[in-house]
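To start, the structure under review is shown below, and the notes come after it.
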Amino acid sequence: MTAAQGPRLRPSLDGIPTYKPGKPAGADAYKLSSNENPYEPLPGVLEAAVVAAGKLNRYPDMAATELTAELAKHFDVPAEHIATGTGSVGVAQSLILSTAGPGDEVIFAWRSFEAYPIITQIAGATPVPVALTAGGDHDLDAMLAAITERTRLIFVCNPNNPTGNVIHRAELERFLDAVPAEVLIVVDEAYIEFIRDPEVPNGIDLYRNRPNVCVLRTFSKAYGLAGMRVGFAIAHEPVTAALRKTAVPFGVTQLSQDAAVASLRAEEALMVRVDALVEERGRVVAALRAQGWEIPDSQANFVWLELGERSQDFAAACAEAGVIVRPFPEGVRISIGEVEGNSIFLAVAEAFRKEL
């Protein structure tokens, strides 16, 4: 073998796109591209992380014992029904590794969370995207029709990223009960804290008497710990036991675990911040609709403009004005951030609308 050949890598990786994070913002720009929480860490979180940092020479608690116990108490579920990981995307990847491989299929709505097809292909499984409805909703009937004997897992993103649309209780329960019992359904609720629609169910209520339902949550959004990379799943024990087998050993650092525990204990302060972001979302949505935009009723911490081929132009106009947003082929997702950044975005949107 010549030196030019190098190691032999999996040929299947050639067709897998690299995950694209939101573009970073410079010192003179507002970052509205990654659905981050614009607030600093909750009270007590930084202090807990600093204490944990004093023991960086030690491995973290691989079982995340304290965090698991805190989550079990917080959500009134057995500790055995909880598995942690490196952000909800890390847990999602472990879920696929636990259920699907070459020849198996994973169903999800599209467009939805960008990582779904990537982590499916990494596992060697086949992604099965199902188009959203014209209004940006999950087409649950089409997703049911896409199930085959090779289907192993279905992602349901509620609220959906990047559109912000939600699925109501009656239609979601009908879907869950129609899926074969041997197929795992993952209800991804990364943005649940921002929901104000009373018709949207809490996935944890749905999982309790459904062994094939898993709920995915994260500390990256409402809790403001995006930089800590800690997420978790709530599911019945066969699923969480598999997650513990497929997780990266010691993946969730002690800093992350202790920061998450402190965040859970600061729920009152958390909800004050979440309520403020929801109120600001309302201001942004009202302003966009007054400008003439037709947008989904977002229940997340972002809004969606379906701009199609004009998406890159709009993102460039925002960047020139001092805000960084997230363009996709179908449209642009704009996170709800600082009031000043949101106002700059609204000014760009108003000028852009007049050109359409």
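Note that this is a predicted model, so its numbers are computed, not measured.
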task: Could you pull out the closest heavy-atom pair between A123 and I96, with the gap in Å?
output: CB-CG2, 3.6 Å
query: What about F345 and Y30, are their ring centers closer than 6.0 Å?
result: no
message: Check E66 with R265, please: is the shortest side-chain N to carboxylate O separation under 4.0 Å?
response: yes
- prompt: Out of curiosity, L97 CG to L243 CG, how far, rounded to the nearest 0.5 Å?
  reply: 9.5 Å
- prompt: Would a 4.5 Å heavy-atom cut-off, applied to side chains only, mark R196 and Q299 as touching?
  reply: yes
message: I'd like to know if the side chain of N37 reaches the main chain of Y223, judged simply by a donor and an acceptor atom lying under 3.5 Å from each other, with no hydrogens or angles considered.
response: no
- line: Checking I119, L216, T246 against L95 for side-chain contact (heavy atoms from CB on, under 4.5 Å), the one that qualifies is L216
- prompt: Does I195 belong to the same Ile/Leu/Val/Met/Phe/Trp/Tyr cluster as V274, with side-chain heavy atoms less than 4.5 Å apart forming each link?
  reply: no
query: Is the backbone of I147 close enough, under 3.5 Å, to the side chain of R150 for a donor and an acceptor to pair up by distance?
result: no
No-hydrogen, no-angle side-chain donor-acceptor test under 3.5 Å, S220 and R229: yes
- request: Look at the side chain of S298 and the backbone N and O of A300, then say whether any donor-acceptor pair between them is shorter than 3.5 Å.
  value: yes
Donor on one side chain, acceptor on other, E105 and T148, under 3.5 Å: yes
field: D297 and V166, any side-chain heavy atoms less than 4.5 Å apart
entry: no
Same cluster (ILVMFWY, side-chain, under 4.5 Å), V106 and V239: yes
- prompt: Does the S33 side chain pair with the main chain of V325, one donor and one acceptor, at a distance under 3.5 Å?
  reply: no
- request: To the nearest 0.5 Å, tell me how far Y39 OH sits from L42 CG.
  value: 11.0 Å
For residues 75-87, which side-chain donor-acceptor pairs fall under 3.5 Å, sequence neighbours excluded?
{"unit_1": "H81", "atom_1": "ND1", "unit_2": "Y207", "atom_2": "OH", "d": "2.8"}

task: Is it possible for you to say whether F302 and V200 belong to one hydrophobic cluster, with membership spreading through side-chain heavy-atom contacts below 4.5 Å?
output: no
statement: When rounded to the nearest 0.5 Å, the distance separating CG of L153 from OG1 of T99 is 4.5 Å
- prompt: What is the ring orientation for F108 with W110, classed by angle as parallel under 30°, tilted 30 to 60°, or perpendicular over 60°?
  reply: perpendicular
- request: For residues R333 and V303, determine if any side-chain heavy atom of one lies less than 4.5 Å from a side-chain heavy atom of the other.
  value: no
Closest heavy-atom pair and its distance - G331, S311: CA-OG, 3.2 Å
query: If you round to the nearest 0.5 Å, how far is CG of L46 from CG of L255?
result: 10.0 Å
- request: Output yes when K221 and E193 qualify as a salt bridge under the 4.0 Å nitrogen-oxygen rule, no when they do not.
  value: no
statement: In short, S112 meets P162 closest at the heavy-atom pair O-CD, 4.0 Å
task: Taking all heavy atoms of A100 and all of A125, pick out the closest pair and write down the distance.
output: CB-CB, 3.9 Å
- prompt: Just checking, is any N or O donor in the side chain of T68 or T65 under 3.5 Å from an acceptor N or O on the other one?
  reply: no
query: Does the side-chain contact (heavy atoms from CB on, under 4.5 Å) test come out yes or no for H138 and V156, once each step is laid out?
result: CA-CA 8 Å; H138 279 60; V156 176; 4.3 Å; yes
- prompt: Is the ring centre of F232 less than 6.0 Å from the ring centre of F219?
  reply: yes
field: Verdict with supporting geometry, V261 and L71, side-chain contact (heavy atoms from CB on, under 4.5 Å)
entry: CA-CA 8 Å; V261 169; L71 288 166; over 6 Å; no
query: Does the side chain of C214 reach to within under 4.5 Å of the side chain of L184, using non-hydrogen atoms?
result: yes
field: From CA spacing to verdict: side-chain contact (heavy atoms from CB on, under 4.5 Å), Q93, I122
entry: CA-CA 9 Å; Q93 185 164 7; I122 288 173; 3.6 Å; yes
Which side-chain N or O atoms in residues 127-137 pair as donor and acceptor under 3.5 Å with protein atoms at least two apart or in another chain?
{"unit_1": "T133", "atom_1": "OG1", "unit_2": "G135", "atom_2": "N", "d": "3.3"}
{"unit_1": "T133", "atom_1": "OG1", "unit_2": "D137", "atom_2": "N", "d": "3.1"}
{"unit_1": "D137", "atom_1": "OD1", "unit_2": "N165", "atom_2": "ND2", "d": "2.8"}

Criterion side-chain contact (heavy atoms from CB on, under 4.5 Å) on F314 and V348, from CA distance to verdict: CA-CA 8 Å; F314 183 83; V348 174; 4.2 Å; yes
- request: Can you see which heavy atom on A52 is nearest to which on D258, and at what distance?
  value: CB-OD2, 3.4 Å
- prompt: Under 3.5 Å, side chain of D104 to main-chain N/O of G101, donor-acceptor pair present?
  reply: yes
- prompt: So, R281 side chain and F194 main chain: donor-acceptor pair closer than 3.5 Å or not?
  reply: yes
query: Do R353 side-chain atoms and G292 backbone N/O form a donor-acceptor pair below 3.5 Å?
result: yes
field: Donor-acceptor under 3.5 Å (N212 side chain, E182 main chain)
entry: no
query: Under 4.5 Å between any side-chain heavy atoms of P249 and M62, yes or no?
result: yes
field: Single-linkage hydrophobic cluster V284~V339, side-chain heavy atoms < 4.5 angstrom
entry: no
task: May I ask you to test the N202-I192 pair for a side-chain heavy-atom distance under 4.5 Å?
output: yes
- request: Name the orientation class of the two ring planes belonging to W304 and F328 (parallel below 30°, tilted from 30 to 60°, perpendicular beyond 60°).
  value: tilted
message: Could you check whether any side-chain heavy atom of L346 comes within less than 4.5 Å of a side-chain heavy atom of L288, counting everything from C-beta outward?
response: yes
- prompt: Do the side-chain N and O atoms of R283 and S343 include a donor-acceptor pair separated by under 3.5 angstrom?
  reply: yes
message: So for atom CZ, which belongs to R10, do other residues, nucleotides or ligands contribute more than 12 heavy atoms lying within a distance under 6.0 Å?
response: yes
message: Could you see if I185 belongs to whatever hydrophobic cluster contains L140? Use Ile, Leu, Val, Met, Phe, Trp, Tyr and a side-chain cutoff under 4.5 Å.
response: yes
message: Quick one about Y116 and D188 (side-chain donor to acceptor, distance below 3.5 Å, no hydrogens or angles considered), yes or no?
response: yes
query: With distance as the sole criterion, is a donor-acceptor pair present between the side chains of R111 and N161 under 3.5 Å?
result: no
Criterion salt bridge (Lys or Arg N to Asp or Glu O under 4.0 Å) on E114 and R326, from CA distance to verdict: CA-CA 12 Å; E114 184 181 4; R326 181 71 164 87; 2.6 Å; yes
message: When you measure from the side chain of S256 to the backbone of M228, do you find a donor-acceptor pair of N or O atoms at a distance under 3.5 Å?
response: yes
Donor-acceptor pairs are to be reported for all side-chain atoms of residues 169-178 against protein atoms at under 3.5 Å, with residues two or more places apart or in another chain.
{"unit_1": "E171", "atom_1": "OE2", "unit_2": "H168", "atom_2": "N", "d": "3.1"}
{"unit_1": "R174", "atom_1": "NH1", "unit_2": "D141", "atom_2": "OD1", "d": "3.2"}
{"unit_1": "R174", "atom_1": "NH2", "unit_2": "D141", "atom_2": "OD1", "d": "3.3"}
{"unit_1": "D177", "atom_1": "OD1", "unit_2": "R210", "atom_2": "NE", "d": "2.9"}
{"unit_1": "D177", "atom_1": "OD1", "unit_2": "R210", "atom_2": "NH2", "d": "3.2"}
{"unit_1": "D177", "atom_1": "OD2", "unit_2": "R210", "atom_2": "NH2", "d": "3.3"}

- prompt: Is there side-chain contact between L356 and L307, with at least one heavy-atom pair below 4.5 Å?
  reply: yes
- prompt: Which pair of heavy atoms, one from S263 and one from V45, lies closest together, and at what distance?
  reply: OG-CG2, 3.3 Å
query: Has the side chain of Q257 got a donor or acceptor atom that lies under 3.5 Å from a matching backbone atom of V252?
result: yes
message: Would E338 and N342 count as a side chain to side chain donor-acceptor pair (under 3.5 Å) here? Give the steps.
response: CA-CA 6 Å; E338 297 87 346; N342 299 333; over 6 Å; no
